[in-house]
Number of protein chains: 2
Amino acid sequence: MAKPLLTAPAELDHFDLAILDILQRDNATPQRVIGEAVNLSAPAVQRRIKRMEESGVIQANVAVLDPARLGQPITILVEVEVESERIDLIDAAKKSFAAAPEVQQCYYVTGEADFMLVIIVASMAAYEGLTRRLFFANHNVKRFRTVVVMDRVKASLAIPLI
Amino acid sequence: MAKPLLTAPAELDHFDLAILDILQRDNATPQRVIGEAVNLSAPAVQRRIKRMEESGVIQANVAVLDPARLGQPITILVEVEVESERIDLIDAAKKSFAAAPEVQQCYYVTGEADFMLVIIVASMAAYEGLTRRLFFANHNVKRFRTVVVMDRVKASLAIPLI
DNA sequence: TGTCTTGCGCAAGTTTGTTGCATGAAGGAG
DNA sequence: CTCCTTCATGCAACAAACTTGCGCAAGACA
């Protein structure tokens, strides 16, 4: 009679996967249309979506904007190497990078570098200012390598759902 | 009397930016709530959103999913170096990378490497299979460097809107 | 076999999104 | 300086979508 855990695994069936596949392409798709696509009624679709939102499988529902149209045409990748891998210093670096709005993505990685950042800025001058705040101001940053993106060939967060 | 261009620049005012800032956090926010936040009526918000969707400022509306909960817990970054930078070969590589669903992001970059990929896979075995299809099968790929992500500190597509 | 649980579809109710219309501000031409 | 056109707004009505209660059927378990 024990209640299931709050974060129950809640395995996903093929209906759920089909719904997610639609939502991660266009989450404005009406539930009625989704229902027709997966052979389920609209309320059934709605309940499944709600469950997946509450369980965290669906993390967010967001609009994807065009950076170039918003005056932020430059994408930059940065490999960051730190001086010390002491856990508290690493955590501090993570928080610092994650808190910067210009940092779209931050990965803590194996290999020569320790962090890999994806950054969006309006200009190289803006990037220069950001390096001061993010890297030069952090004494644990040993060095960083800047790579400028010429073409944003593909940029999504979609996950292959088999 | 000439009609404005189809892709008119359509400059954005501070209302638009405020709306976008809300939408790129949560695009399920009711227009009424957005209206209250930006001091505009719901229909005004709706018309601005529609215009920005049509003009391409809003590129998509998507659900963000948790890769780990969907059996794809491994994120990998790959630097790819090509043999020849002949434009047709580069374009072919772009198409090939962009077509792979495991490739979340693909950047064509300056510097030593030519491409930087962000890849999501279920297992290292799956990644090994992907390298065969994506890199070993492409004779223009000179070499590639694999970096495994230990922590996905931050992963979004949000743009700083000042 | 009986019971419990779970998820479904249907239908009604509620919220949200959408459109027609009149008003007022901004810009240009006469 | 005034008229006229354009454009975006708010209000109100309408349409569409989301949400919930309910009865039912299928599977799990004793």
Side-chain angles (χ1 to χ4, degrees), chain A residues 1-66 69-71 161, chain B residues 1-66 69-71 161:
Chain A
M1 209 45 167
K3 266 291 186 63
L5 300 176
L6 268 181
T7 50
E11 55 183 274
L12 305 168
D13 61 19
H14 73 101
F15 284 119
D16 291 317
L17 293 178
I19 292 169
L20 291 175
D21 201 35
I22 293 172
L23 291 181
Q24 76 172 345
R25 294 174 207 284
D26 179 9
N27 71 358
T29 311
Q31 295 168 353
R32 175 183 48 79
V33 174
I34 298 174
E36 290 165 4
V38 304
N39 269 344
L40 229 45
S41 70
V45 171
Q46 129 80 10
R47 287 186 266 251
R48 283 168 178 268
I49 292 174
K50 188 183 177 193
R51 189 189 335 136
M52 292 190 285
E53 281 175 344
E54 289 172 347
S55 77
V57 173
I58 297 175
Q59 293 183 322
N61 288 287
V62 305
V64 180
L65 312 182
D66 183 344
R69 295 288 293 277
L70 289 160
L161 295 180
Chain B
M1 208 44 168
K3 267 291 186 63
L5 298 177
L6 268 182
T7 50
E11 57 182 274
L12 305 168
D13 61 19
H14 73 101
F15 284 119
D16 291 317
L17 294 179
I19 292 170
L20 291 175
D21 201 35
I22 293 172
L23 291 181
Q24 75 172 346
R25 293 174 208 283
D26 180 8
N27 72 358
T29 312
Q31 295 168 353
R32 175 182 48 79
V33 175
I34 299 174
E36 290 164 5
V38 305
N39 271 343
L40 230 45
S41 68
V45 171
Q46 129 81 11
R47 286 173 195 126
R48 282 168 179 268
I49 292 175
K50 186 182 177 192
R51 190 192 332 135
M52 292 190 285
E53 282 176 344
E54 288 172 347
S55 77
V57 173
I58 297 175
Q59 293 183 323
N61 289 287
V62 306
V64 180
L65 312 183
D66 182 346
R69 295 288 294 276
L70 289 159
L161 295 180

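Per chain, numbering begins at 1; letters A, B, ... match sequence-line order. Side chains included, hydrogens not; waters and symmetry mates left out as well; all remaining heavy atoms used. Remember, it's a predicted structure, so these values are computed and weren't measured experimentally.
Inter-residue side-chain proximity for B:Leu12 and A:Arg69 is flagged as unmet; no heavy-atom pair is nearer than 4.5 Å.
Remark: A:Arg47 pairs with no residue by the salt bridge (charged side-chain N to carboxylate O under 4.0 Å, His left out) rule, at least two apart or across chains. For A:Glu53, the side chain to side chain donor-acceptor pair (under 3.5 Å) criterion is met by A:Asn61, not counting sequence neighbours. With sequence neighbours excluded, no residue forms a side chain to side chain donor-acceptor pair (under 3.5 Å) with A:Arg32. In this structure B:Gln24 satisfies the side chain to side chain contact (heavy atoms under 4.5 Å, CB included) test together with A:Leu65, B:Asp21, B:Ala158, B:Ile159, B:Leu161, sequence neighbours excluded. In this structure, the side chain to side chain contact (heavy atoms under 4.5 Å, CB included) partners of A:Ala42, at least two apart in sequence or on a different chain, are A:Gln31. Take A:Asp13 and apply the side chain to side chain donor-acceptor pair (under 3.5 Å) test, not counting sequence neighbours, and it matches A:Arg48. By the side chain to side chain contact (heavy atoms under 4.5 Å, CB included) test, A:Val64 is found to be paired with B:Gln59, B:Ala60, B:Val62, B:Leu157, residues two or more places apart in sequence or in another chain being considered. Residues satisfying the side chain to side chain contact (heavy atoms under 4.5 Å, CB included) test with B:Ala18, not counting sequence neighbours, are B:Val38.
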Using atom names, set out every protein N or O paired with an N or O of nucleotides 22-28 of chain C below 3.5 Å, distance rounded to 0.1 Å.
none

Short heteroatom pairs, N/O only, protein and nucleotides 6-13 of chain C, under 3.5 Å:
residue, atom, partner, partner atom, Å
C:dC8, OP1, A:Arg48, NE, 2.8
C:dC8, OP1, A:Arg48, NH2, 2.7
C:dG9, OP1, A:Ser41, N, 3.2
C:dG9, OP2, A:Ser41, N, 3.0
C:dG9, OP2, A:Ser41, OG, 2.4
C:dG9, N7, A:Arg47, NH2, 3.3
C:dG9, O6, A:Arg47, NH2, 3.0

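Taken residue by residue, residues 19-37 of chain A places heavy atoms nearer than 4.0 Å to DNA chain D at A:Pro30, A:Gln31, A:Arg32.
Between atom CG of residue B:Asp66 and atom CG of residue B:Leu70 there is a gap of 7.0 Å, rounded to the nearest 0.5 Å. Between atom CG of residue B:Leu40 and atom CZ of residue B:Phe15 there is a gap of 5.0 Å, rounded to the nearest 0.5 Å.
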Check the pair A:Ile49 / A:Val45 against side-chain contact (heavy atoms from CB on, under 4.5 Å), numbers first and verdict last.
CA-CA 6 Å; A:Ile49 292 174; A:Val45 171; 3.7 Å; yes

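Residue A:Gln46 has a polar side-chain atom (N or O) positioned under 4.0 Å from OP1 or OP2 of D:dT19.
Each end of the helix from C:dT1-D:dA30 to C:dG30-D:dC1 gets its own axis from five base pairs, and the two axes differ in direction by 30°, given to 10 degrees.
Between B:Ile49 atom CD1 and C:dT18 atom C1' there is a gap of 12 Å when expressed in whole angstrom units.
Of all non-hydrogen atoms in A:Ile58 and B:Ala63, the two that sit nearest each other are CG2-CB, 4.3 Å.
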